[in-house]
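Quick note: numbers below take in every heavy atom, side chains included, and nothing from hydrogens, waters or symmetry partners.
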Amino acid sequence: MAAGTLILLFVAYQLWGTGIAEARSQGDLKTDFKELQQQAQPAVDPTRTEFAPAAPTGSAIAIIKIPRIGVEKAVVQGVGVDDLKKGPGHYPNTPMPGQVGNAAIAGHRTTYGAPFYDFDQLQPKDAILVTTVQGSFRYEVIETKIVRPSQVEVLKNTPDNRLTLTTCHPRFSAAQRMVVTAQLVGNALPAPPPDPKADTNPEELTEDPAGLSGDQAPRGPAVLAGLAFIGVWAIAYIIRRQV
């Protein structure tokens, strides 16, 4: 009974407890993004050739809305473990949404709010709306496909203007990746050149460390739960032998 309780508590934490933490982070991120929008007024001149420094890792850079699946999340800069606990994350060495090229965002499909849980329900022509400090942009889904974790070519820049969203597939597994590609509707803004030193440079990767999906789940809690289960079982076994 004790072992079963521990396992159930661990599962509950992974499925719901992490979502509570993500919800708190999202509230802070959305507030931060509103302040960024106010600081960016008046609107950025789309003809400029100089660009502001990249946003710090883990900071709010955009709001993404996907009406079909009821998603409205703040997007953070970065796709590391800690970044994606807060919400969907932007691959730093891809253009920002609304800019020329292939902007890419990763997100969890389970745990930490599961922003991309219903990705399989997206259909061609579905809208994906993204707001950055440069403006609001509409994308429309053109393709959904399943790829291997090593197929990081989906993050490479493209001659057209698109948004690539990645997540785990199937649910509760990291065996594959689901990739949703959407086309920008309207004109794109200029994008700064990629940073060759960025850790997520698709040109240099053989396998994406963030799993194209919002990362692998941290192993620490799973290991601790397993050790706790083994400990409870060992104690019960010893007591039974003595009785």
Side-chain angles (χ1 to χ4, degrees), residues 18-19 21-37 39-40 51-66 71-99 101-116 119 128 130-134 137 149-150 152-157 162-168 174 177-180 191-220:
T18 58
E22 184 264 1
R24 288 199 298 265
S25 296
Q26 280 289 307
D28 294 338
L29 289 167
K30 288 178 179 178
T31 299
D32 292 344
F33 182 74
K34 286 182 180 179
E35 293 178 358
L36 285 176
Q37 283 183 304
Q39 294 170 7
F51 297 90
T57 299
S59 62
I61 60 164
I63 301 292
I64 185 170
K65 298 180 182 180
I66 311 177
V71 167
E72 181 175 348
K73 296 286 185 178
V75 179
V76 302
Q77 179 77 320
V79 290
V81 173
D82 292 335
D83 305 323
L84 292 166
K85 287 180 180 180
K86 302 176 182 178
H90 170 249
Y91 286 89
N93 207 38
T94 67
M96 285 285 292
Q99 294 180 348
N102 180 20
I105 294 174
H108 281 295
R109 199 169 183 197
T110 57
T111 70
Y112 294 102
F116 294 165
F119 245 31
I128 299 176
V130 187
T131 299
T132 71
V133 295
Q134 291 185 297
F137 308 94
S150 59
V152 295
E153 61 268 19
V154 299
L155 302 179
K156 290 184 177 180
N157 211 4
R162 63 175 59 182
L163 178 67
T164 297
L165 305 179
T166 65
T167 194
C168 285
R177 305 294 180 260
M178 179 175 288
V179 179
V180 173
D195 180 3
K197 297 181 181 179
D199 293 337
T200 54
N201 185 356
E203 302 291 341
E204 299 176 357
L205 288 176
T206 56
E207 184 162 349
D208 174 28
L212 290 181
S213 68
D215 207 338
Q216 303 275 355
R219 292 186 177 88

In chain order, what residues pass the ring pair (Phe, Tyr, Trp, His ring centres under 6.0 Å) check against F137, with sequence neighbours excluded? none

Closest approach of L155 to A104 (non-hydrogen atoms, all atoms of both residues): CD2-CB, 3.7 Å

Under a 3.5 Å distance rule, please check whether T131 uses its side chain to pair with a backbone N or O of A62 as donor and acceptor. no

What distance do D83 atom CG and K85 atom NZ have between them, rounded to the nearest 0.5 Å? 10.5 Å

L163 and side-chain contact (heavy atoms from CB on, under 4.5 Å): which partner among I128, T94, N102? I128

Residue set satisfying side-chain hydrogen bond (donor to acceptor under 3.5 Å, both in side chains) with S25, at least two apart, ordered chain then number -> none

Atom pair CG/OG of L29 and S59 - distance to nearest 0.5 Å: 8.5 Å

Rounded to the nearest 0.5 Å, how far apart are CD1 of I66 and CG of L165? 5.5 Å

Within this structure, what is the CZ-OG1 distance for the pair F33 and T132, rounded to the nearest 0.5 Å? 6.0 Å

Under 3.5 Å, side chain of K73 to main-chain N/O of K65, donor-acceptor pair present? no

Would you confirm whether H90, through its side chain, and P95, through its main-chain N or O, come within 3.5 Å as a donor-acceptor pair? yes

Quick one: does any side-chain atom of Q99 pair with a main-chain N or O of M96 as donor and acceptor, under 3.5 Å? yes

Sequence-distant partners of Q26, side-chain hydrogen bond (donor to acceptor under 3.5 Å, both in side chains), two or more places apart: none

Atom of Y112, atom of L84 and distance for their closest heavy-atom approach: CB-O, 4.3 Å

Between the CD atom in E72 and the NZ atom in K30, the distance rounded to the nearest 0.5 Å is 5.0 Å

